Q: 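A single structure is presented below for examination.
Because the structure is predicted, anything quoted here is derived from the model rather than measured.
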Amino acid sequence: MPKVYGTGTYDFRRHRVAEYPFETQTVKTQEKQPERRPGGNVTSSITLVEIQRDRLTKIAAANWLNASGGEGSQRKFDPELVKEIYETELLIFGGRKTVPLQRVMILEVSQYLENYLWPNFDAETATFEHVMSMILMINEKFRENVAAWICFHDRKDAFRGFLWRVLRLKEEGRKLTIAEKTNYLLFMINAFQSLEDEIVSETVLKLVGLQLWHCLSPGRFQTELCLKPQLTRKWRKMIRKEAKEAKKLGKPFDPSKMLEAAFLRDLIEEFLEILELTVKQTDDNESHFGDSHGEKVDDSCLLYCERFMEFLIDLLSQLPTRRFLKAVVADVAVVPKCHLSALYTHEKGRLFSQLVDLLQFYEGFEIDDHTGSQMSDDDVLLAHYSRLQAFQLLAFKQIPKLRDFALCNIGAINKRADFSKKLSVLSAEELQDLIFNKLQLVSKEDPCASKVDFLVEVLVSFFEKRQSQKDAINALPLYPNEKVMWDESLVPSINYSGEGCLALPKLNLQFLTLHDYLLRNFNLFRLESTYEIREDIQEAVPHLLAYINNEGDTAFRGWSRMAVPVREFKITEIKQPNIGEVKPSSVTAEVSFSISSYRAHIRSEWDSIKEHDVLFLLSIRPSFEPLSQEEAAKCTVLERLGLQFVRGCEVIEVRDEEGVLMNDFTGSIKRDEWKPPKGELRTVVVALDTAQYHMDVTDVSDRGAMDAYGSFNILMRRKPKENNFKAILESIRDLMNETCIVPDWLHNIFLGYGNPSAAQWTNMPDLLEVVDFKDTFLNADHLRESFPDFKVCFVKADHKEDLNPLPPFRITLPKAMKNSTHALSGDLKSKIISPIHNSEEKIVVEAYIPPDPGPYPQDQPKRNSVRFTPTQVGAIISGIQPGLTMVVGPPGTGKTDTAVQILNVLYHNCPSQRTLIITHSNQALNDLFEKIMERDVPARYLLRLGQGEQELATDLDFSRQGRVNAMLVRRIELLNEVERLARSLKLPEDVGYTCETAGYFWLLHVYSRWEQFLDACTKNKDKPTFVKDRFPFQDFFSNTPQPVFSGESFEKDMRAAKGCFRHLSTMFQELEECRAFELLKSTADRANYLMTKQAKIVAMTCTHAALKRKDFLQVGFKYDNLLMEESAQILEIETFIPMLLQRQEDGYARLKRCILIGDHHQLPPVVKNMAFQKYSHMDQSLFTRFVRLGIPYIELNAQGRARSSLAKLYNWRYRDLGDLPFVREDPIFNKANSGFSYDYQLIDVPDYLGKGETAPSPWFYQNEGEAEYIVSVYMYMRLLGYPASKISILTTYNGQKLLIRDVISRRCNSSGIGPPSKVATVDKFQGQQNDFILLSLVRTRFVGHLRDVRRLVVAMSRARLGLYVFCRRALFEQCYELQPTVQLLLQRPDHLALNLDEATPFTERHVGETGRIHFVSDIQEMGGLVNFKMQQLYQVQVMGDQYKPISHPNGALKSSSQDVVDSGDEERGSHPNGILKSTSQNIVGESDKVEKNMEQGENSDEVKDTAMSVASGGDDENVLQEDGLAEDKMEE
């Protein structure tokens, strides 16, 4: 049975790696600072040579570099060296920097933490500098998002000692600088973000326990205990325990001095002190540029304050850390003090004020902190009213001055201003008495206790009515405007370095409520789409070349493909608001524009705009005079673009110049009546965002703002695939307005609480006790292998032992399997059964004979041919049972086959249930769907929704329309069969007129005859020919390929008769299913019926599910099971929405099973903005979060993709990944790669023409040397005869991908060698594979985003037979995260090893044999080798042509093989040397010809002869055309 992994240490938490620029202005060193790149706005990374010459690198080499490798040359540990490095290299004073980033990066890359600081750490003796240095290194790992805690787990007790030493660091008496305090705080943020790490969580969670209440003021403490009386007993028990421990140690009992009680309170008080110092009053002549008049902001203090707000927000946004801390935050009045601080209103404090508002939101979040239950809007409102009424009652009884306030109605004091006004009658002393004594909101010892404005703020904050989040979201425009788009604290630019914090929510391990979960995802998804829209606007607008003409109006000299000038804009209709709302119910406008200046293909793009497409209206007003270079550098992006307003809108309809509807969306215009649009003027009717419109109109009327709607002059569109954000945001908003019913069994786990294995099938009710596995097992031995921990007992239907069992099998699941499967520690391997009882546990298997399916070939069921491994069988068992199943599928382990078999077995065991399949990509969905079609699931029950259906490799149409048409065609076929049956029974043929008449015919004539026949059979079982003679439908089945009855045995013939009747009953059952399509007349009704009633398995992408959720709810779509493939590549929210595509039934969620299949060790969902990915963890999938939470999962453990040797490059990342038997046995995996000495190699690429990596623009990395080398190797392989379709070139950066394509175009195409199968980035190639991979790692300065081990796993696991990695050895061999793979690669020479004795793509050499090795010294030698090989072939071709002359007007040297030049090469232009070109073309064609033989690993004489013909330039005219780069040529 499978190994189930679950809770415990999760050592691969941090993956999101990115390359960030780092500034060096603050670094005080003697080294020369790197120059700025021309045209770039970021500081260049220093070169590898500069790093190697650096002082820190030399210190590292002398003291700790390679220390883990056992080299004895390193010196002993020297604490003074650590102190010296810390004081000279790591300390920083002033500014927004907390560390000299470049110096920290060099130390971190040199493994300062792993090889020096940590191995020599002792909690008792370590110096302050030692601890702080470790803190800085850990913070840097978190900044780069690589695993930070891995190295600590080899000494767990020392790790606990380190954490406690950090917590007590401030008790040591040393005064910390602001930068050190910020670094310390950042470490605490990172620690609280790592609660899945057992040791970290057990340490830091003690700081937020009940002991925290020791530091509450007496009044607040009593109030809290009164509100939560259940805590009183727990408190007393804790006090007794603490007093007992203090007495035992002989110390006085003072709980307020305990670390657990005082740590956070001290931190908060320290923050409030720093907050006071952040804004200082200055003389006018000292005022700095950018500061307010007479005020100066200390940047280092500002950063600390922002980070502290982030810290408190993190703690209050997770239930375990929030529960007791919230009272402390309220007791100290953090939010009121922040509101009253000078920084809150200062122009430099914008980010701080946004963070304070976010903190205030989480402090007052609608949740019961102790039960974790969500409070509804009504609950919150009632609590607010009861609080206010109680205060009014108190005021009426005890405060005469507030008698007027006490008698007010709620409406009169609901607003903040009105409330404050009523309180103004009280003196300072009366306010203090009210707040300190009567309400006990804050302590009288508070430093701000004497400030009246503070007291009023505390009172108002406590009693004010908070806006409902639901109302706030509903009032929010779904389209971003220009203010949101260019707010750097909300939508940071791409060069976010990770050094500061942002006013963004985070996707953590846990969420407070479902509402909180949806709200965070809504905000992040909205801002991520805002960032993409902003990038599109910044790309399109400059091309328009806006200027002010002589009339003073905006005009345009240029043109843009995606943006067109507006001729006229007018608002045509504004509808009245709905009841209870203030915004209009709809606002409609018309936009006219001309497409006359565009070419035909761009015109067609504009003409293809359809309903629900999102467009953007821009108002551009450039400056009268063009901006100078200095002015452009100082001004904002909006000023530079001249952009005043941006508003989104949704298309309702499009009309041509004559007003004719172009894209009819109602179905009133038939397809054959459609006519092409007339003229060049187009009018688009659009729906504006009503919330935004109301805000704009209010601003115009109240504040005299400029009217945006009178100034629009540009209409912009976006690519359709990138423009679906509005529908997804609407889906999330709709979910927030509904009562979200997540199944009870999934609810707590989804939020991150409770028992992680609660939703596992073994803990679920309504289990399937007996499972019919159909064709899962190929034979009895296969079944025995699948249950190695059980004694398998085969029985017959009569419960007697079966000595010769044959599939299919029906299995009764034993109790031991249900009771013993549970989550174990994540670093342990768990077996389903305890080894003690293995021999005693039995599993009862019934081998049954399936009924005869029918006499026709189409009646025979399709069978599975995959021999599933025991782990896959375990995944199938878990998948068909109720509950949550998680399957981790490493590369090549048969994830899709397992998923398909789960669906197959589920369909046969629960035929009435419906299953929804979700994947991330259309390609994966099509792969899954094509395999389902090969199983025994009728095609009429399959449905594929979305745009990718047309890519299915099948003759059948599985779209909604295709399935409807198929059902109608099938209806006619079946009715014809019914008529034939009627004829065979000598009855009138009109019974086949409709499905209804056919149904009556079935009951009256068919079923009745069958019953009579069965009755007669019971009395004549002794007559062998009785069935043959008396079968009532014999004439109907006279056209079967084989005779139905033999007449030799009654039992045999009776089985055949039942098969015939099964054919008939299936036929009439199908007709009954077709009846609805007969009754429903419109195509839409038929399609909806098919989707909601007929289809049993419905497949779509996650994007389609999110886009169409409203439609699914409208038509009443229902499903019982959800299977999600590629779930580790799907965003959290796009995984959640498919769970809720149906309405609840009486407050009950119908979903019974949720099967998530993915691989969190490969790349996560794509998030374009680095800040959302890095700061907010938006690229965390639900699958990865569940793994982090310790939810049990099954990890498939046998791969069948790559050679065993290649699999070792990445299988260290998985727990127990081995090979399938055929990988070891198949000849193709055992033969060497012809022409290469090794099947994989790391090839060290030195500088080429004096250069390593270059970056023409930021983050656009290229390496010309690697590009030239890789293309030379590719040409070498093609000249040997390797097919182009079997070779892919991968790289880790887009810039390198484009450079390689350029080199291929220059070198290969001109020589007639076509391009390889794919030239792509590693990220884009995820989910694909090829026989041979040439990989370029590009970087020569810093490792960059390949430090993300997930990217390494994807890169290493794409090749089946050969992998050749081109990189800078000196850089990558020092990278700590990549060590397991790089060390394996470096066991082989780092110069390309070729076998020049082999001249064909076939070899008898085994994979372990190298043959005679020729080492390629450098790029130039490889290029010369390729040229020499080309010249050889050219000479062979010339000699061949002397004996095979062909007349040609251009001369006798024309080769016959040039007659077959493919069209692609003709377009690219011919090489001056026609013969050379034709030779290589001939080789290309021949290598494609032998591709199939290569796959099969054949080495017959015929194959060898063909290969020799290729090598010698033989003339075969069957030259196949090359696979081009058409699909991704213009990808970027």
Q: Backbone N or O of Glu996 within a donor-acceptor pair of the Arg1075 side chain at under 3.5 Å?
A: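 No: the side chain of Arg1075 does not pair with the backbone of Glu996.
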
Q: Determine whether a donor-acceptor pair (N or O, by modelled atom type, separation under 3.5 Å) exists between the side chain of Arg1153 and the backbone of Ile880.
A: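 It does hold such a pair.
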
Q: Take Lys774 and Asp936 through the side-chain contact (heavy atoms from CB on, under 4.5 Å) test and state the conclusion after the steps.
A: CA-CA 9 Å; Lys774 289 293 180 182; Asp936 187 24; 5.6 Å; no

Q: Quick one: pull up OG1 in Thr898 and CG in Leu903 and give me the separation to the nearest 0.5 Å.
A: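 Between atom OG1 of Thr898 and atom CG of Leu903 there are 11.0 Å.
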
Q: Any side-chain donor-acceptor pair under 3.5 Å between Arg1201 and Gln1329?
A: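 Their side chains do contain a donor-acceptor pair, which is all the 3.5 Å distance test asks for.
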
Q: Not counting sequence neighbours, which residues clear side chain to side chain donor-acceptor pair (under 3.5 Å) with Tyr848? List them please.
A: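 Listed in chain order: Asp772.
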
Q: Just wondering, do Val771 and Gln881 contact through their side chains at under 4.5 Å, heavy atoms?
A: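 A side-chain contact under 4.5 Å exists here.
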
Q: Show the nearest heavy-atom pair for residues Ser786 and Val873, with the distance to one decimal.
A: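 In this case the closest contact between Ser786 and Val873 is OG-CG2, 3.5 Å.
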
Q: Under 3.5 Å, is there a donor-acceptor pair linking the side chains of Asn904 and Asp775?
A: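 Distance-only check passes for Asn904 and Asp775.
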
Q: For the side chain of Asp1085 and the backbone of Lys1081, is there at least one donor-acceptor N/O pair under 3.5 Å apart?
A: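 Looks like no, no N/O pair under 3.5 Å.
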
Q: Between Arg1150 and Asp1120, is the closest basic N to carboxylate O distance under 4.0 Å?
A: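 So Asp1120 pairs with Arg1150 through a salt bridge.
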
Q: Can you tell if the side chain of Ile932 reaches within under 4.5 Å of the side chain of Tyr907, non-hydrogen atoms only?
A: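 No, their side chains stay 4.5 Å or more apart.
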
Q: State whether a side-chain donor-acceptor pair under 3.5 Å links Thr1092 with Asn1088.
A: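 Their side chains do not contain a donor-acceptor pair, so the 3.5 Å distance test is not met.
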
Q: Assess the side chains of Thr871 and Asn1197: does a donor N or O sit below 3.5 Å from an acceptor N or O?
A: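 Note: Thr871 and Asn1197 side chains meet the donor-acceptor criterion.
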
Q: Check the side chains of Asn1039 and Tyr856 for a donor-acceptor pair under 3.5 angstrom, ignoring hydrogens and angles.
A: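 Yes - a donor-acceptor pair under 3.5 Å links their side chains.
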
Q: What distance separates Met1124 CE from Met886 CE, expressed to the nearest 0.5 Å?
A: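 It is 12.0 Å, given to the nearest 0.5 Å.
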
Q: List for me each residue that meets ring pair (Phe, Tyr, Trp, His ring centres under 6.0 Å) alongside Tyr1007, sequence neighbours excluded, and say none if there are none.
A: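 Counting only residues at least two positions away or on another chain, Tyr1007 forms a ring pair (Phe, Tyr, Trp, His ring centres under 6.0 Å) with Trp1002.
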
Q: Which heavy atom in Thr885 sits nearest to a heavy atom in Ala875, and how many Å separate them?
A: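 What the structure gives for the nearest pair is CG2-O, 4.3 Å.
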
Q: Is there a donor-acceptor pair closer than 3.5 Å between any side-chain N or O of Ser984 and the backbone N or O of Asp1035?
A: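 Looks like no, no N/O pair under 3.5 Å.
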
Q: Should the pair Arg963 and Phe958 be classed as cation-pi, given the thresholds of under 6.0 Å to the six-membered ring centre and 45° from the axis?
A: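 The answer is yes, since Arg963 meets both limits relative to Phe958.
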
Q: Is it the case that the side chain of Glu801 and the backbone of Cys793 share a donor-acceptor pair, with hydrogens and angles ignored and the cut-off at 3.5 Å?
A: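 No; zero donor-acceptor contacts below 3.5 Å.
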
Q: Any donor and acceptor pair, going by atom type alone, linking the side chain of Thr997 with main-chain N or O of Thr994 inside 3.5 Å?
A: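 Yes; judged by distance alone, with no hydrogens or angles, the pair exists.
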
Q: Can the positive tip of Lys1096 be found less than 6.0 Å from the middle of the six-membered ring of Tyr941, inside 45° of the ring normal?
A: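 Yes, a cation-pi geometry holds between Lys1096 and Tyr941.
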
Q: Give the minimum heavy-atom separation between Pro988 and Ala982, together with the two atoms involved.
A: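 Residues Pro988 and Ala982, closest heavy atoms: O-CB, 3.6 Å.
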
Q: Do we see a donor-acceptor contact under 3.5 Å between the side chains of Glu930 and Asn926?
A: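 No, no side-chain donor-acceptor pair sits under 3.5 Å.
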
Q: For residues Asn909 and Arg810, is any side-chain donor paired with an opposing acceptor at under 3.5 Å?
A: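 No.
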
Q: Once you round to the nearest 0.5 Å, how far does SG of Cys1154 lie from CG of Leu1123?
A: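 Taking SG in Cys1154 and CG in Leu1123, the distance rounds to 8.5 Å.
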
Q: Using every non-hydrogen atom in the two residues, find where Phe1045 and Val1027 come nearest and quote the distance to one decimal.
A: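 Scanning both residues completely, I find the closest heavy atoms to be CE2-CG1, 3.6 Å.
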
Q: Using atom types as modelled and distance alone, determine if a side-chain donor or acceptor of Thr1025 lies under 3.5 Å from a backbone N or O of Lys1028.
A: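 Checked: no pair found.
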
Q: Dump the intermediate steps for side-chain contact (heavy atoms from CB on, under 4.5 Å) on Cys995 and Phe1077, then the final yes or no.
A: CA-CA 10 Å; Cys995 295; Phe1077 297 92; over 6 Å; no

Q: Report the C-alpha separation of Asp802 and Val795 in whole Å, then their side-chain angles, then the decisive distance to 0.1 Å, and conclude whether the side-chain contact (heavy atoms from CB on, under 4.5 Å) test is met.
A: CA-CA 5 Å; Asp802 191 342; Val795 297; 5.7 Å; no

Q: Between Asn965 and Gln961, is there a side-chain donor-acceptor contact under 3.5 Å, judged purely by atom types and distance?
A: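 Gln961 vs Asn965: donor-acceptor pair found between side chains.
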
Q: Does Lys931 reach the main-chain N or O of Val900 with its side chain, forming a donor-acceptor pair under 3.5 Å?
A: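 Looks like no, no N/O pair under 3.5 Å.
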
Q: Check the angle between the aromatic planes of Phe1031 and Phe1037 and answer parallel, tilted or perpendicular using the 30° and 60° thresholds.
A: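 Ring orientation, 0 to 90° scale: tilted.
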
Q: Check whether any side-chain N or O of Arg1009 sits under 3.5 Å from a backbone N or O of His1005 as a donor-acceptor pair, and report yes or no.
A: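 A pair under 3.5 Å: yes.
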
Q: On a heavy-atom basis, which atom in Asn864 and which in Leu778 lie closest, and how many Å separate them?
A: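 Nearest pair, atom of Asn864 first, then Leu778: O-CD2, 3.6 Å.
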
Q: Less than 6.0 Å separating the ring centroids of Phe1033 and Phe1013?
A: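 Phe1033 vs Phe1013: aromatic centres not under 6.0 Å.
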
Q: Can you classify the ring geometry of Phe794 versus Phe809 as parallel (below 30°), tilted (30 to 60°) or perpendicular (above 60°)?
A: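 Correct class here is tilted.
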
Q: So, Gln860 side chain and Gly854 main chain: donor-acceptor pair closer than 3.5 Å or not?
A: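 Checking the backbone N and O of Gly854 against the side chain of Gln860, a donor-acceptor pair under 3.5 Å is found.
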
Q: Pair Glu977, Arg980 - check salt bridge (Lys or Arg N to Asp or Glu O under 4.0 Å), show working.
A: CA-CA 5 Å; Glu977 285 290 285; Arg980 188 167 75 82; 3.2 Å; yes

Q: Using 4.0 Å as the upper bound for N to carboxylate O, is an ion pair formed by Glu973 and Arg970?
A: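 Counted as a salt bridge, because a side-chain N and a carboxylate O are separated by less than 4.0 Å.
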
Q: Look at Arg1360 together with Asp1331 and state whether they make a salt bridge at an N to O cut-off of under 4.0 Å.
A: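 Salt bridge flag = yes for Asp1331 with Arg1360.
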
Q: Looking at Ala998 and Leu1071, what are the two nearest heavy atoms and their distance?
A: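 Looking at all heavy atoms of both residues, the closest pair is CB-CD1, 3.9 Å.
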
Q: What's the verdict on side-chain contact (heavy atoms from CB on, under 4.5 Å) for Arg1055 and Glu1051, showing C-alpha distance, side-chain angles and the deciding distance?
A: CA-CA 6 Å; Arg1055 175 176 162 77; Glu1051 288 77 15; over 6 Å; no

